[in-house]
Amino acid sequence: MHKTPSASALGPDGLDLSKIFFKPIHNASPPSPTKRRTKISVIGTGNVGMAIAQTILTQDLTDELVLVDVNADKLRGEMLDLQHAAAFLPRTKILASTDYSVTVGSDLCIVTAGARQIVGQSRLDLLHRNVSLFKNIIPPLAKHSPDCILMIVSNPVDVLTFIAWKLSGFSSNRVIGSGTNLDSSRFRFLIADHLDVNAQDVQAYIVGEHGDSSVALWSSISVGGVPILSFLDKQAIVYEKETLENIHKAVVDSAYEVIRLKGYTSWAIGYSAANLARSLLRDQRKIHPVSVLAKGFYGIDGGDVFLSLPAQLGRGGVLGVTNVHLTDEEAQRLRDSAKTLLEMQSQLEL
């Protein structure tokens, strides 16, 4: 485990300098047993993992942040770089190790580690490589933090969330994928840009697979509480479905564009994961489109599959799935998205 020296180690013969700097309070009672510290572990210190870690730190979401990676030198370098910003950040204990024992007692484990897709490699080949990695990641996390919530960010996120659920042995409410939380943010941005409004005033969801078969829920979009499509219908304002499809296509293509331009995505997924961490650990009970066990919802059957649905998140993980009204077309597209993921899972040897 890599750690910076403690205050007591700086004194001669193990002298605890903190007891010299501060005079003790006499007859002080111990801290309340109901007060607890929060611990988040981030697995993988690539561009995505570090963007998540940095955002968690700046938003003061945890008392202790742990980084885990197989690359010991990079891991220590990232830890030191964050620790050196201590004077500019809320007080957070930052640890790093290649050994998963450092994650013990985590409240939330965020997995970003995964192989990158190389030129000419199929999506299924990439999935097989990442499943092998997950067999070395998920069991030790579950062992050291049996009561934690697992958040999967690695791609393909929906199938890997299913794999994490199987490998961990956790109940499904404590295993979620980042899913289409970021896709929905992109969706809200594009709609807001189209209408020249603030994206925070736009309520809109992308559901289903985090990928090409995702589903835009146009029927439930509202701006400032006004349902957009029904408003246009009542005003006899004609809109073209092609315009809607183009906005959805821009959402699907946006990650590819960012990767083409800068080589990877990082900042937006960092904010997205921190957004989810806040809702989970602070029991915000906010609704997010995240990858959850979808069997039994919206007519999805045929097998256990994880895909994004609007779900309420809190300290217990997934508290429930929102009963959003879908048109027949949207419901069918969602079921088709589930079939796509089930077909991919069927090709895995678990």
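Under the 4.5 Å side-chain heavy-atom criterion for grouping Ile, Leu, Val, Met, Phe, Trp and Tyr, I137 is not connected to V70 through any hydrophobic cluster. In this structure, Y271 is not a member of the same hydrophobic cluster as F189, with clusters built from ILVMFWY side-chain heavy atoms closer than 4.5 Å. Neither V258 nor L182 shares a network with the other; the hydrophobic side chains, linked directly or stepwise wherever heavy atoms of I, L, V, M, F, W or Y lie under 4.5 Å apart, form separate groups for each. Residue L217 is not grouped with residue V252 when hydrophobic side chains (ILVMFWY) are merged at heavy-atom distances under 4.5 angstrom, including chains of intermediate members. Tracing side-chain contacts under 4.5 Å through hydrophobic residues (I, L, V, M, F, W, Y), one reaches I206 starting from L195; they form part of the same cluster.
Q54 places none of its side-chain heavy atoms less than 4.5 Å from the side chain of L57. In this structure, V207 and L307 have side chains that are not in contact, with every pair of non-hydrogen atoms separated by 4.5 Å or more. Within the 4.5 Å cutoff, side-chain heavy atoms of K39 are placed close to those of V66. The closest side-chain heavy-atom distance from L190 to H194 is not below 4.5 Å. Between L95 and L65, every side-chain heavy-atom pair lies at or beyond the 4.5 Å cut-off. Counting heavy atoms from C-beta on, the side chains of D60 and L89 never come closer than 4.5 Å. Side-chain contact between D63 and K93 is absent, with no heavy-atom pair separated by less than 4.5 Å. Counting heavy atoms from C-beta on, the side chains of Y298 and R335 never come closer than 4.5 Å.
Contact detail for E209 and D212: the closest heavy-atom pair is OE1-N, 3.8 Å. Closest approach of S106 and S145 over heavy atoms only: N-OG, 2.9 Å. For V292 against A311, the heavy-atom pair with the smallest separation is CG1-CB, 4.2 Å. Residues S279 and H288 come closest through the heavy atom pair OG-NE2, 2.7 Å. The nearest pair of heavy atoms linking I269 to S178 is CD1-OG, 4.3 Å. When all heavy atoms of S219 and T327 are compared, the pair lying nearest together is CB-CG2, 3.6 Å.
S184 places no side-chain N or O within donor-acceptor distance of the main-chain N or O of N181, the cut-off being under 3.5 Å. The closest donor-acceptor contact from the side chain of T55 to the backbone of A51 lies under 3.5 Å. Panel note: side chain S97, backbone V102; no donor-acceptor pair is recorded below 3.5 Å. Checking side-chain atoms of S337 against main-chain N and O of L334 turns up no donor-acceptor pair under 3.5 Å.
Within the structure, every pair that satisfies the side chain to side chain donor-acceptor pair (under 3.5 Å) test and touches residues 299-321, not counting sequence neighbours, is listed here: D107-R315, T180-S308. Each salt bridge (Lys or Arg N to Asp or Glu O under 4.0 Å) pair with one or both residues in residues 251-276, not counting sequence neighbours, appears once here: K249-D253. Listed by first and then second residue, the salt bridge (Lys or Arg N to Asp or Glu O under 4.0 Å) pairs involving residues 181-203 amount to none (not counting sequence neighbours). Legend: salt bridge (Lys or Arg N to Asp or Glu O under 4.0 Å) pairs involving residues 267-290, not counting sequence neighbours, sorted by first then second residue: D283-R285. Screening residues 146-157 for salt bridge (Lys or Arg N to Asp or Glu O under 4.0 Å) gives no qualifying pairs among residues at least two apart or on separate chains.
Going from atom CD1 of I43 over to atom OG of S154 covers 10.0 Å, rounded to the nearest 0.5 Å. In this structure, the separation between SG on C109 and CG on L150 is 6.0 Å, given to the nearest 0.5 Å. Atom CZ of residue R174 and atom CG of residue L108 lie 11.5 Å apart, to the nearest 0.5 angstrom. The NZ atom of K339 lies 13.0 Å from the CG atom of L341; values are rounded to the nearest 0.5 Å. With rounding to the nearest 0.5 Å, the separation of CG in L280 from CG in N275 is 9.5 Å. Taking CD of E78 as the start and CG of N71 as the end, the distance is 9.5 Å to the nearest 0.5 Å.
For the 3.5 Å distance criterion, the side chains of D158 and H210 fail to qualify, holding no donor opposite an acceptor. Side-chain contact, Q332 with D328: no donor N or O sits under 3.5 Å from an acceptor N or O. Neither side chain, T103 nor S41, offers a donor N or O lying under 3.5 Å from an acceptor on the other. Counted by atom type alone, D69 and T45 present one or more donor-acceptor pairs between their side chains at under 3.5 Å.
Among residues two or more places apart in sequence or in another chain, the side chain to side chain donor-acceptor pair (under 3.5 Å) test is passed with T112 by none.
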CA sep, side-chain torsions, deciding dist, call: L281, L61, side chain to side chain contact (heavy atoms under 4.5 Å, CB included): CA-CA 8 Å; L281 298 184; L61 297 180; over 6 Å; no

Verdict with reasoning, L141 to Y100, per side chain to side chain contact (heavy atoms under 4.5 Å, CB included): CA-CA 7 Å; L141 289 178; Y100 283 89; 3.7 Å; yes

Chi angles and distances behind the side chain to side chain contact (heavy atoms under 4.5 Å, CB included) call for T161, V290: CA-CA 10 Å; T161 304; V290 290; over 6 Å; no

Check against side chain to side chain contact (heavy atoms under 4.5 Å, CB included), K166 and I163: CA-CA 5 Å; K166 287 292 188 183; I163 297 297; 5.8 Å; no

S101 and D99: CA distance, side-chain angles, deciding distance, side-chain hydrogen bond (donor to acceptor under 3.5 Å, both in side chains) verdict: CA-CA 5 Å; S101 62; D99 189 330; 3.1 Å; yes

Working for ring pair (Phe, Tyr, Trp, His ring centres under 6.0 Å), residues W218 and Y205: CA-CA 8 Å; W218 287 104; Y205 295 121; over 10 Å; no

Chi angles and distances behind the side-chain hydrogen bond (donor to acceptor under 3.5 Å, both in side chains) call for T92, E64: CA-CA 5 Å; T92 304; E64 187 171 339; over 6 Å; no

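By the 30° and 60° cut-offs, the orientation of the rings of W165 relative to F306 is tilted.
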